[in-house]
K.L.:
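Can you keep this structure in mind? I'll have questions shortly.
We count residues from 1, following the sequence as given.
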Amino acid sequence: LSYWYKQKNMVQEYFSLQERIKKTDDKGARFWKGFEGFLSEVDDLHNIVEKQEVMLQEAFLRKLLYGNYESEEEILEAATSVHIALDDGSFCVVNLELDDPLQQENPVNPSRDIILGMADQLLKDCMPWHIWRYRVSELSSVFVIHEKTEIDREKLKKDLENLNFQFHSQLRIKGFIGISDTVKEPVEIARQYEISSRVCEFARFQGIRIPVFSEDLPGEKILEQPVFFTIDM
């Protein structure tokens, strides 16, 4: 990658000479034809590096959400190593669970690629927030919302309502959403993930189709009770 960057003029020249290469067979043309293979190898390497970075970020988010870090310093050091900025601002955790489309009364069967592709596109269209996303499964995702200023929870709720509506209108899939409290310290994110998970379970158990805050639950004690599931879950 470093070599490619230093020789970017050569890359530009290669593309500008493609037509001439097709019409001649001199030594220079043979060199450029060999350079095409080099470009393909660099492109493959770049794709591998990008995929590895995504995997490292997901591994960090998993450890962060499950409380595997003991101090804020440890979190910030790990976040910096995977190019995730968590140094300041406000944090909020959102749990999104989509119903299995095969369990509905009039089941639809979108492919895995369609669901994932649609989810990614809807996030871009409906969620103008700085989000770190951890995909638990094909139908369940956790969003760590990170803003430099205080998070507007009502605006966040409206955007999540729109996201949920789009899932239902475009894919006929019901979604259930739990929203945690807002915190300032990254070390508190794991606790907020636990809260958002319980809130999401409550919304699913009660069939509540709008995003639910922790304060919307009947009482604080419900967050301390064991996890409960419906029969289909």
K.L.:
Would you please name every residue forming a salt bridge (charged side-chain N to carboxylate O under 4.0 Å, His left out) with Lys124, sequence neighbours left out?
P.N.:
none

K.L.:
Test: ring pair (Phe, Tyr, Trp, His ring centres under 6.0 Å). Region: residues 74-93. Which pairs qualify, not counting sequence neighbours?
P.N.:
Phe91-His146

K.L.:
If you measure from CG on Leu163 to NE2 on His168, what distance do you get to the nearest 0.5 Å?
P.N.:
13.5 Å

K.L.:
Apply the side chain to side chain contact (heavy atoms under 4.5 Å, CB included) test between Thr182 and each candidate in Glu147, Arg153, Glu188; give the one that qualifies.
P.N.:
Arg153

K.L.:
On a heavy-atom basis, which atom in Pro128 and which in Cys126 lie closest, and how many Å separate them?
P.N.:
CD-O, 3.3 Å

K.L.:
Looking at residues at least two apart in the chain, or sitting in another chain, which of them share a side chain to side chain donor-acceptor pair (under 3.5 Å) with Glu58?
P.N.:
none

K.L.:
Just jot down the side chain to side chain donor-acceptor pair (under 3.5 Å) partners of Gln121, sequence neighbours excluded, or say none.
P.N.:
Asp125

K.L.:
Kindly give the heavy-atom pair with the smallest separation between Trp129 and Ile145, and that separation in Å.
P.N.:
CE3-CG2, 3.8 Å

K.L.:
Could you check whether any side-chain N or O of Ser140 sits under 3.5 Å from a backbone N or O of Ser137, counting only pairs where one atom can act as donor and the other as acceptor?
P.N.:
no

K.L.:
Look at the side-chain heavy atoms of Ile, Leu, Val, Met, Phe, Trp and Tyr, link any pair under 4.5 Å apart, and say whether Leu122 and Phe176 land in one connected group.
P.N.:
no

K.L.:
Can you tell me how far the CD atom of Glu97 sits from the CG atom of Leu139, to the nearest 0.5 Å?
P.N.:
9.0 Å

K.L.:
Test of understanding: with salt bridge (charged side-chain N to carboxylate O under 4.0 Å, His left out), list the residues that count as partners of Arg135, not counting sequence neighbours.
P.N.:
Asp120

K.L.:
Kindly write out the residues that satisfy side-chain contact (heavy atoms from CB on, under 4.5 Å) with Thr149, not counting sequence neighbours, or none if the list is empty.
P.N.:
none

K.L.:
Determine all donor-acceptor pairs shorter than 3.5 Å in which one atom belongs to a side chain in residues 60-70; sequence neighbours excluded.
P.N.:
none

K.L.:
Hey, are the side chains of Pro186 and Leu76 touching, using non-hydrogen atoms and a 4.5 Å cut-off?
P.N.:
yes

K.L.:
Name the one of Val199, Asp99, Val212 that satisfies side chain to side chain contact (heavy atoms under 4.5 Å, CB included) with Arg204?
P.N.:
Asp99

K.L.:
Can Ile179 be reached from Phe167 by stepping across I, L, V, M, F, W or Y side chains whose heavy atoms are under 4.5 Å apart?
P.N.:
yes

K.L.:
Backbone N or O of Asp181 within a donor-acceptor pair of the Gln192 side chain at under 3.5 Å?
P.N.:
yes

K.L.:
To the closest 0.5 Å, what do you measure between SG (Cys200) and OH (Tyr193)?
P.N.:
9.5 Å

K.L.:
My understanding is that only residues two or more places apart in sequence, or in another chain, count here; which of them pass salt bridge (charged side-chain N to carboxylate O under 4.0 Å, His left out) with Lys158?
P.N.:
none

K.L.:
Can you list everything that forms a side chain to side chain donor-acceptor pair (under 3.5 Å) with Ser90? Sequence neighbours excluded, please.
P.N.:
Lys184

K.L.:
Quick one: are Val93 and Ile195 in side-chain contact, heavy atoms under 4.5 Å?
P.N.:
no

K.L.:
Check whether Asn164 reaches the backbone of Arg209 with its side chain - one donor and one acceptor, N or O, closer than 3.5 Å.
P.N.:
yes

K.L.:
Under the rule for side chain to side chain donor-acceptor pair (under 3.5 Å), what residues qualify as partners of Asp152, not counting sequence neighbours?
P.N.:
none

K.L.:
Side chains of Tyr134 and Val144: does their closest heavy-atom pair fall under 4.5 Å?
P.N.:
no

K.L.:
How long is the gap from CD1 on Ile151 to OG on Ser180, to the nearest 0.5 Å?
P.N.:
8.0 Å

K.L.:
For Glu77, which residues count as a side-chain contact (heavy atoms from CB on, under 4.5 Å) partner, sequence neighbours excluded?
P.N.:
none

K.L.:
Flag yes if Phe165 and Leu123 sit in one hydrophobic cluster, no otherwise; membership is Ile, Leu, Val, Met, Phe, Trp, Tyr, and two members link when side-chain heavy atoms are under 4.5 Å apart.
P.N.:
no

K.L.:
Does Phe213, at its CZ atom, have more than 12 non-hydrogen atoms belonging to other residues, nucleotides or ligands within less than 6.0 Å?
P.N.:
yes

K.L.:
Only counting residues at least two apart or in another chain, list the ones meeting salt bridge (charged side-chain N to carboxylate O under 4.0 Å, His left out) with Asp159.
P.N.:
Lys155

K.L.:
Mind checking the CD-CG spacing from Glu185 to Leu86? Nearest 0.5 Å is all I need.
P.N.:
12.5 Å

K.L.:
Would you please test Leu156 and Met127 for side chain to side chain contact (heavy atoms under 4.5 Å, CB included) and show each step?
P.N.:
CA-CA 8 Å; Leu156 175 61; Met127 296 293 292; 3.9 Å; yes

K.L.:
Hey, are the side chains of Ile177 and Val94 touching, using non-hydrogen atoms and a 4.5 Å cut-off?
P.N.:
yes

K.L.:
As an exercise, state the distance from CG of Leu96 to OG of Ser141, rounded to the nearest 0.5 Å.
P.N.:
6.0 Å

